[in-house]
Amino acid sequence: MPLLIFGLMGFILFNNLLGLIPFVYGVTSNIWVVGSLALVFWGLLVLSGWLKFPTQSAAHLAPAGAPAALVPLLVLIETISVCIRPLTLMVRLIANISAGHIIMGLVANALTVSALHIGAMTFIVHVGYNIFEVFVCFIQAYIFSLLIKLYSEEHPGY
């Protein structure tokens with residue numbers, strides 16, 4: 001499992017960094033690519049849990065010692081919580097990467113517009129923001145991989 005998570009992080013990091021190159025499209029800002037990635041990893045975890053350990057998976061939906069009257073509501077809430085995970089993975093990665101690209105484009109526009117007035121200051125801001133974007137690429141790849149790892153630890157029989 002650690003090799004798979006490390007490979008996933010490397011794949012996402014490579015594509016995040018690829019998106020920072022001018023005129024190159026990084027696929028991690030595409031909703032279909034990231035959504036498919038999140039859905040596949042989450043789906044495999046859920047499916048393997050239900051196939052290998054069906055009773056533990058069902059027991060995971062309601063906490064032990066819950067009042068019998070609340071069990072249907074708790075099962076519904078936990079089911080919604082489990083089903084929303086790929087959406088949270090997808091939105092977190094796409095929103096952060098896309099927002100960074102939009103801001104970087106705005107800073108680049110400011111650099112071209114104000115090149116005659118305060119070009120040196122704008123250039124420093126642009127370089128600083130590019131360095132920040134590289135860090136964001138690393139952090140987002142790490143968070144996506146970490147969340148998949150955390151979801152796998154909740155996997156029955158892990």
Side-chain angles (χ1 to χ4, degrees), residues 1-50 52 57 60-61 63 74-158:
M1 184 73 171
L3 187 59
L4 179 69
I5 297 297
F6 186 72
L8 173 66
M9 183 178 168
F11 174 76
I12 293 172
L13 178 61
F14 174 75
N15 284 299
N16 285 350
L17 292 173
L18 197 63
L20 295 179
I21 299 171
F23 306 112
V24 175
Y25 181 72
V27 296
T28 50
S29 59
N30 185 322
I31 192 168
W32 297 108
V33 173
V34 176
S36 299
L37 198 61
L39 198 58
V40 164
F41 276 92
W42 168 85
L44 288 174
L45 285 172
V46 171
L47 185 65
S48 68
W50 278 98
K52 287 185 175 183
S57 294
H60 183 69
L61 294 177
L74 292 172
V75 168
L76 177 67
I77 290 170
E78 187 60 30
T79 303
I80 291 170
S81 170
V82 168
C83 290
I84 207 162
R85 288 179 177 179
L87 182 66
T88 60
L89 283 170
M90 177 182 67
V91 168
R92 178 176 284 120
L93 184 60
I94 290 174
N96 288 319
I97 296 300
S98 298
H101 291 348
I102 290 169
I103 292 174
M104 196 162 33
L106 292 173
V107 170
N109 276 342
L111 179 65
T112 59
V113 170
S114 66
L116 299 175
H117 299 89
I118 50 171
M121 183 61 175
T122 308
F123 181 74
I124 291 170
V125 168
H126 188 62
V127 169
Y129 192 75
N130 278 330
I131 293 169
F132 174 73
E133 273 297 304
V134 169
F135 290 131
V136 168
C137 288
F138 277 93
I139 290 169
Q140 289 308 312
Y142 173 72
I143 288 174
F144 191 94
S145 304
L146 178 69
L147 287 174
I148 292 291
K149 174 72 173 142
L150 291 174
Y151 294 161
S152 72
E153 288 175 358
E154 292 180 8
H155 182 275
Y158 178 74

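Residue numbers start at 1 and run along the sequence shown. Below, each value reflects all heavy atoms present in this structure, side chains not excepted, and no hydrogens, waters or symmetry copies.
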Next item on the list: Could you check T28 against F144 for side chain to side chain contact (heavy atoms under 4.5 Å, CB included), going step by step and ending with a plain yes or no?
Entry: CA-CA 11 Å; T28 50; F144 191 94; over 6 Å; no

Check: So N30 and V34, side chain to side chain contact (heavy atoms under 4.5 Å, CB included) or not? Walk me through it.
Finding: CA-CA 6 Å; N30 185 322; V34 176; 5.9 Å; no

Next item on the list: List the steps and the verdict of side chain to side chain contact (heavy atoms under 4.5 Å, CB included) for I143 and N96.
Entry: CA-CA 11 Å; I143 288 174; N96 288 319; over 6 Å; no

Next item on the list: May I have the step-by-step check of side chain to side chain contact (heavy atoms under 4.5 Å, CB included) for L74 and L61, ending in yes or no?
Entry: CA-CA 7 Å; L74 292 172; L61 294 177; over 6 Å; no

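Counting non-hydrogen atoms of other residues, nucleotides and ligands closer than 6.0 Å to OH of Y25 gives a total above 12. By the 6.0 Å contact criterion, CG on L3 is open, its count of non-hydrogen atoms from other residues, nucleotides or ligands being 12 or less. Around the CD1 atom of I31, the shell of radius 6.0 Å holds no more than 12 heavy atoms that belong to other residues, nucleotides or ligands. A 6.0 Å sphere centred on OH of Y129 holds more than 12 heavy atoms belonging to other residues, nucleotides or ligands.
Taking the side chain as every heavy atom from C-beta outward, N130 and L20 never approach each other to under 4.5 Å. At a threshold of 4.5 Å between non-hydrogen side-chain atoms, the residues F14 and L17 do not count as touching. Looking only at side-chain heavy atoms (C-beta outward), R92 and L147 come within less than 4.5 Å of each other.
The shortest non-hydrogen separation linking L45 to S152 is CD2-CB, 3.6 Å.
With rounding to the nearest 0.5 Å, the separation of CE in M9 from CD1 in I148 is 13.5 Å.
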